[in-house]
Amino acid sequence: MDKKHIECIRGDITKLEVDVIVNAANIKLIGGGGVDGAIHRAGGPEIMYECDRIRQEKGGCPTGEAVYTRAGNLPAKYVIHTVGPVYDHSSPDRNRRLLDSCYRSSMSLAKQLKMKSIAFPNISTGVYGYPKEAAAHVALEALGRALQEPGSIERVVVVCFDEENYDLYRALLT
Ligand code: ADP
C-alpha cells in the first residue's frame, strides 16, 4: 500500500482513532443534528465552548471554510469544523466549488496542525441534500489532490454512515 492513502469504512466517525476528525458543521457553529450532533454528544461540552469562542471572535465559519477545536472526550486530538454547501439545484458549479473547498481547507488545516491521519464524513450529503454520487466524486478528487501535495497527512479515512455512500466509495476506491 502507498505510504499516503485514502480508505473508506462504514461506521460512526466519533469512534475513529485518528488524529483529526472532520465535522459537517453549520455557519454559526451551533450544534445541529446528524454528524454534528453525534460529535458534540460524544465529545462533550469542551468542543462547544471552543465553538462559542470562535463564534464570538469571527462570527462562525463561512461555507467552504474550516476552523478547528480540540476534541474533548473523543479519541481524536482535534475536530476540524467545515461548512458544506446547502445543495442548490440552480448552481451546480457553486455547489462543486464550495464542497471541494471544504475538503481542501480541512486538509490544509490538518497539515498546518502537523497531523498525520484524518477522517471525513460525507459532507453535505445529509440534510444539506448534495446528491451522494456527485459529492463522492468531488470529495475523492479533492482528497487525492491534497494528498499529492506536500504535507504531514498520510492516512485519510472516509467514514460512511449510510450504505449508499459506503457502496459508492467502495466502488470508486477499488
Ligand atoms: P450536512 O448538513 O452537511 O448534510 P449531516 O450531518 O446531515 O450534514 O450529514 C452528513 C453525512 O454525515 C451524512 O451522510 C450522514 O449520514 C452522516 N452521518 C451522520 N451521523 C454520522 C456519524 N456519527 N458518523 C459519520 N457520519 C455520520
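For this chain, numbers begin at 1 and follow the sequence in order. Remember, it's 1-based here, ligands and their atoms both numbered in the order they're listed.
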Open item on the list: For Y87, is the OH atom crowded, meaning more than 12 foreign heavy atoms sit under 6.0 Å from it?
Closed with: yes
Task: Check: E65 main-chain N/O paired with T82 side-chain donor or acceptor under 3.5 Å - done: yes
TODO: Answer yes or no: is there a side-chain heavy-atom contact under 4.5 Å between M107 and L143?
DONE: yes
TODO: Go through ligand 1 atom by atom and flag the ones less than 4.0 Å from a non-hydrogen atom of G34.
DONE: 6 (O), 19 (C), 20 (N)
Task: For atom 17 (C) of ligand 1, closest protein heavy-atom neighbour - done: F161 CB, 3.8 Å
- [ ] May I ask you to check whether I13 has an N/O atom sitting below 3.5 Å from an N/O atom of ligand 1?
- [x] yes
TODO: With T69 as reference, evaluate H81, R53, E46 under the side chain to side chain donor-acceptor pair (under 3.5 Å) test and give the passing residue.
DONE: H81
- [ ] Answer yes or no: does atom NZ of K132 have more than 12 heavy-atom neighbours from other residues, nucleotides or ligands under 6.0 Å?
- [x] yes
- [ ] Check ligand 1 against V127 and write out every atom of the ligand that is under 4.0 Å from a heavy-atom position of the residue.
- [x] 2 (O), 4 (O), 7 (O)
Task: Polar proximity ligand 1 side, V159 side, N/O cut 3.5 Å exclusive - done: no
Open item on the list: Could you check whether D19 pairs with K116 (Lys NZ or Arg NE/NH1/NH2 to Asp/Glu carboxylate O, under 4.0 Å)?
Closed with: no
Task: N-O pairing of D93 and R96 below 4.0 Å - done: yes
- [ ] Please say whether T14 places an N or O atom under 3.5 Å from an N or O atom belonging to ligand 1.
- [x] no
Task: Which of the ligand 1 atoms, numbered from 1, are nearer than 4.0 Å to a heavy atom of D12 - done: 22 (C), 23 (N), 24 (N)
TODO: Only one of N23, L74, V35 passes side-chain contact (heavy atoms from CB on, under 4.5 Å) with I13; say which it is.
DONE: V35
Open item on the list: Return the closest protein heavy atom for atom 13 (C) of ligand 1 as residue, atom name and distance.
Closed with: T125 OG1, 3.6 Å
Task: Path from V67 to I47 over hydrophobic side-chain contacts below 4.5 Å - done: no
- [ ] Would you indicate which of V86, N23, V35, T82 comes nearest to atom 19 (C) of ligand 1 when only heavy atoms are counted?
- [x] V35
- [ ] Check ligand 1 against N165 and write out every atom of the ligand that is under 4.0 Å from a heavy-atom position of the residue.
- [x] 14 (O)
Open item on the list: Tell me whether ligand 1 is touched by S124 - counting only heavy atoms on the residue side and a distance under 4.0 Å.
Closed with: yes
Task: Numbering as shown, the atoms of ligand 1 that approach A38 to under 4.0 Å (heavy-atom distance) - done: 23 (N)
Task: Close N or O approach (G129, ligand 1; < 3.5 Å) - done: no
- [ ] Would you mind checking which non-hydrogen protein atom is closest to atom 5 (P) of ligand 1, with the distance to 0.1 Å?
- [x] G126 CA, 3.9 Å
- [ ] Find all atoms of ligand 1 within a distance of less than 4.0 Å from any non-hydrogen atom belonging to N122, and give their numbers and elements.
- [x] 10 (C), 11 (C), 14 (O)
Open item on the list: Below a 4.0 angstrom heavy-atom separation, can you tell me which part of D162, side chain or backbone, both or neither, approaches ligand 1?
Closed with: side chain
Task: Flag side-chain contact, heavy atom, 4.5 Å: N122 against Y169 - done: yes
Open item on the list: Out of all atoms in ligand 1, which are within 4.0 Å of some heavy atom of A24? Include the element for each.
Closed with: 3 (O), 8 (O)
Task: Min N/O separation D36 to ligand 1 under 3.5 Å - done: no
Task: Single-linkage hydrophobic cluster, 4.5 Å side-chain cutoff, V22 and V18 together - done: no
